[in-house]
Amino acid sequence: MKNLAELHIGQEATIDSFSDKELALKLMEMGCLPGEKVHIERKAPFGDPIAIAVSGYLLSLRKQEAESIHVNTVK
Amino acid sequence: MPPTSTHKIRVALVGNPNSGKTTLFNTLTGLNQKVGNFPGITVDKKVGACQISQLASKNKIDTEFIDLPGTYSLYPKSLDESVAFQVLCDPKNEHHPQVNIIIADASNLKRSLCLATQVTDLKTPAILALNMMDLVEQEGITIDIQQIEERLGIPVIPINARKKMGIGNLKQAILKAQEQATPKDFVEIHSIAPKLIDSIRESVHTNSDYAAFQVACNYQAITHFSEKRKQHFQQIVKNNGFIAKRAQATETVRRYKAIDQLLQTCISHPEGEKKQTLTQKLDNVLTHPIGGFAFFLCVLFFIFQAIFSWSAYPMDLIDGFFASLSEYVGNTLPAGAINDLVVDGIIAGLGGIIIFVPQIAFLFAFIAILEDTGYMARVSFITDKLLRGFGLNGRSIIPLLSGAACAIPAVMSARTIANWKERIITIMVVPLMSCAARLPVYTLLISMMIPADQTWFVFNLQGLVMMGFYLIGFLAALAVAWIMKHLLKSKEKSYFVMEMPTYKTPDWSTVGITIIEKVKVFLIDAGKIIIAISIILWVLSSYAPANHFELIEQRYETVENAEAMIAAEKLEASYAGIIGKSIEPVIKPLGFDWKIGISLITSFAAREVFVGTMSTIYSVGDADNSKTIREKLLSEINPETGESFFTPAVGISLMLFYAFAMQCMSTLAIVFRETNGWKWPLIQFFYMSGLAYLASLLAYQLMS
């Protein structure tokens, strides 16, 4: 399974699970729930942080934080 | 005659960041706001008031609003975030409201409903204010408000906080709120931990399952609970095998499921492919590796211009005003100690504070505009990778840059940094940036050491050295930040996770109110300390033990035009002079003598005072006061070597000392205010003094 940081701009995926329990709670409160669709919107100049469209808005997070989100890619 | 207010309604304003909450708070309370402190927490406490007229009876009801910090969820991740939780979930909290107004960005309904329904589940009477309905309409989205009202069991009022639409309806809803039925349960909480919730409900005296659940998860954060009380809750939690984090996760998932169900019934999106929004188009440029940084540099340039050049004009006006005031009062009051105290102590002290107002106003105007438009989030986005290695945040750049003009507004602006550790580090290193007050010192010393026409390749050497010192300040700031990043332990995990709001035009009334509030905070809180210290310093340099001053005046009675020499000897004999002489052994290894020592003491009021003090002290023997300060200093002979005292070694040593030392009482005063205590200003004072001493020592010893 891939994690969010491995996707490139324009890709879509659905959230599967989290590997960092504490960060997971914060992410879920902000609308990143298992089953939720995400879309990689853009990346910062050095590829880090990345901005994703989720639950109707734009959320940015560090590559390291994105690595803790496991996703299923839409084929 | 209509009767005046009978009772007061306490209302809490709660909502996500970027939802327009502050704009709504400003609209409701205008300038009737008071900013204060929550004990032990660095987030400001904002309370305001307004009177609402009842439509029928024309009674005016007093309403008090507390603007709770923007948050995405009631669960606190840090002490600062615990404010909303403490105020809303603990009925015994002094600010516990009777009515909750939840403000939500209608174009962000799904995420907003997480906090909104958490709040309604607390069972306090509540109103949902749906803001930014115009954005929603623009995108062709329709929201069935009645469905939401029915499901939540509370009134839902569409508003436009900026254009001040819907505010009347909101105010009337506040008046009726306490008579309405309690909000409906949105998420079924009880089954997650039935016995636990029942025990805690009894203990905390609440009729809300969710409030009890929240207390079970976060009782440690309730500051007014005694240790005994906390242990009581700890026991209940243990007995029920309750694991807070897991329960919170379960509850959050349930909540969003319920939100999804609700949204299906009440939101409809337009058909067809979505066009690229304005926000997306702007972001293509503003987050672009080249375009983004170029635009950011322009913004920084504007801010710097504003606080460096544009402020100069009003600052000169203020300077002139206080000079005239001093003269007038000095000539009007009878001569003597009171006259001196008022003119040289109090009026000079006041002038020294008010002179900062233009720079503070400009800087905060810019920051409010950048924040309001949503651009600040992009700044954090593009600079995060560069700065996180230094323990800094994208939002640290503006304080750092502003510090090159003046550290006072810079330190105040660090408040925009949410993470405590990053904020403290920013505040600690900002004064290392070479501020405008250091310029007169650098200019004088450079002109003494380097001839004006000397060049290094094509560059004017004087200019190069000046720039060099600016660079040294910046590099030192980065280095100290890096060290502090590793030294400071923070229980708070540093998350970046940040919303990037849609771009909006700034709300000018919010910008205006922000400026006024920040200036007020500075004048009142920092002003007190600055006046106190400046009076102390004035006393030290104007008074001497016993009758030393009279003896000096007697000696010069018959000498003409002796004012400069009298002033010089008096300064030497004053308490400040005595202190300066007593520290001479300590500063000798840096190449300094007691005359410089006195200047170091008086510069504590403001760095540029150095030039004036040196000018006064070196006036001994200069009967007709004809030499410039530069000439006076250069002609000073070192008694031990018989040669010029101010060698390049001394010059560089002194410049390095001024580059690094904490010699600004106003900065310390504002750091005290911003960090709610003397711990950090003292740490700052000592580490910077240490750094200055070491740098000077090394430079002088190596160069001589």
Side-chain angles (χ1 to χ4, degrees), chain A residues 3-5 7-72 74, chain B residues 16 18 71-75 77 105 107-115 118 141 244-246 248-249 251-253 255-257 259-260 263 267 269 277 279-280 283-284 287-293 374 377-378 380-386 388 394 493-502:
Chain A
N3 67 55
L4 199 62
L7 302 181
H8 35 260
I9 300 182
Q11 255 194 299
E12 250 187 39
T14 14
I15 298 181
D16 182 270
S17 53
F18 304 95
S19 56
D20 179 335
K21 290 295 167 228
E22 230 189 278
L23 180 55
L25 187 53
K26 185 168 173 82
L27 289 170
M28 288 205 292
E29 284 167 354
M30 292 185 74
C32 298
L33 295 132
E36 198 68 40
K37 269 220 290 254
V38 300
H39 171 260
I40 311 297
E41 183 80 11
R42 62 184 72 249
K43 300 196 181 187
F46 301 97
D48 185 3
I50 63 176
I52 63 174
V54 65
S55 283
Y57 74 104
L58 201 58
L59 178 67
S60 61
L61 57 173
R62 289 180 178 153
K63 215 162 133 197
Q64 193 190 19
E65 293 160 345
E67 279 165 5
S68 74
I69 306 177
H70 302 287
V71 296
N72 293 308
V74 180
Chain B
N16 289 168
N18 308 307
T71 182
Y72 294 103
S73 151
L74 283 183
Y75 293 122
K77 313 283 173 320
D105 174 0
S107 65
N108 243 315
L109 201 49
K110 177 165 170 175
R111 192 201 66 219
S112 305
L113 282 177
C114 179
L115 176 67
Q118 284 182 338
I141 301 174
K245 290 272 184 304
R246 199 180 292 164
Q248 281 173 201
E251 186 255 311
T252 305
V253 170
R255 188 168 296 281
Y256 267 102
K257 275 214 179 75
I259 292 175
D260 276 337
L263 288 181
I267 278 204
H269 292 264
T277 61
T279 297
Q280 284 171 316
D283 271 338
N284 287 339
T287 59
H288 186 267
I290 302 178
F293 283 114
R378 274 74 186 174
S380 286
F381 187 67
I382 60 178
T383 56
D384 181 66
K385 181 101 201 217
L386 291 169
R388 71 172 89 142
K493 269 186 102 172
S494 166
Y495 293 131
F496 178 76
V497 180
M498 175 191 75
E499 177 189 0
M500 307 249 280
T502 44

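For the numbers below, each heavy atom of this structure counts, side chains included, while hydrogens, waters and symmetry mates do not. Per chain, numbering begins at 1; letters A, B, ... match sequence-line order.
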Report summary line: Among A:Pro49, A:Ala44, A:Gly31, the residue with the most heavy-atom pairs under 4.5 Å to chain B is A:Pro49
Query - Under 4.5 Å from any heavy atom of chain A - which part of B:Leu386 - result: side chain
Query raised in the report: Under the side-chain contact (heavy atoms from CB on, under 4.5 Å) test, which residues partner A:Ala66, sequence neighbours left out?
Result: A:Leu4, A:Ala5, A:Ile50, A:Leu61
Report summary line: Residue from A:Val54, A:Leu27, A:Leu33 scoring the most non-hydrogen pairs under 4.5 Å with chain B is A:Leu33
If you check both backbone and side chains, which donor-acceptor pairs between chain A and chain B fall under 3.5 Å?
from: A:Glu29; atom 1: O; to: B:Tyr256; atom 2: OH; distance (Å): 2.7
from: A:Glu29; atom 1: OE1; to: B:Lys77; atom 2: NZ; distance (Å): 2.8
from: A:Glu29; atom 1: OE2; to: B:Ser73; atom 2: OG; distance (Å): 2.9
from: A:Gly31; atom 1: N; to: B:Tyr256; atom 2: OH; distance (Å): 3.3
from: A:Glu36; atom 1: OE1; to: B:Lys110; atom 2: NZ; distance (Å): 3.0
from: A:Glu36; atom 1: OE2; to: B:Lys110; atom 2: NZ; distance (Å): 2.6
from: A:Glu41; atom 1: OE2; to: B:Gln280; atom 2: NE2; distance (Å): 2.7
from: A:Arg42; atom 1: NH1; to: B:Asn284; atom 2: OD1; distance (Å): 3.0
from: A:Arg42; atom 1: NH2; to: B:Gln280; atom 2: O; distance (Å): 3.3
from: A:Arg42; atom 1: NH2; to: B:Asn284; atom 2: OD1; distance (Å): 3.0
from: A:Asp48; atom 1: OD1; to: B:Arg388; atom 2: NH2; distance (Å): 3.0
from: A:Asp48; atom 1: OD2; to: B:Arg388; atom 2: NH1; distance (Å): 3.2
from: A:Asp48; atom 1: OD2; to: B:Arg388; atom 2: NH2; distance (Å): 3.0
from: A:Leu58; atom 1: O; to: B:Met500; atom 2: N; distance (Å): 2.9
from: A:Ser60; atom 1: N; to: B:Met498; atom 2: O; distance (Å): 2.8
from: A:Ser60; atom 1: O; to: B:Met498; atom 2: N; distance (Å): 2.9
from: A:Ser60; atom 1: OG; to: B:Met498; atom 2: O; distance (Å): 3.0
from: A:Arg62; atom 1: NE; to: B:Asp384; atom 2: OD1; distance (Å): 3.4
from: A:Arg62; atom 1: NE; to: B:Asp384; atom 2: OD2; distance (Å): 2.8
from: A:Arg62; atom 1: NH2; to: B:Asp384; atom 2: OD1; distance (Å): 2.8
from: A:Glu65; atom 1: OE1; to: B:Val497; atom 2: N; distance (Å): 3.4
from: A:Glu65; atom 1: OE2; to: B:Phe496; atom 2: N; distance (Å): 2.7

Query raised in the report: Do you know which two heavy atoms are closest between B:Ile382 and A:Pro45, and how far apart they sit?
Result: CG2-CD, 3.7 Å
Query - Contacting region of A:Leu25 [heavy-atom separation from chain B under 4.5 Å] - result: side chain
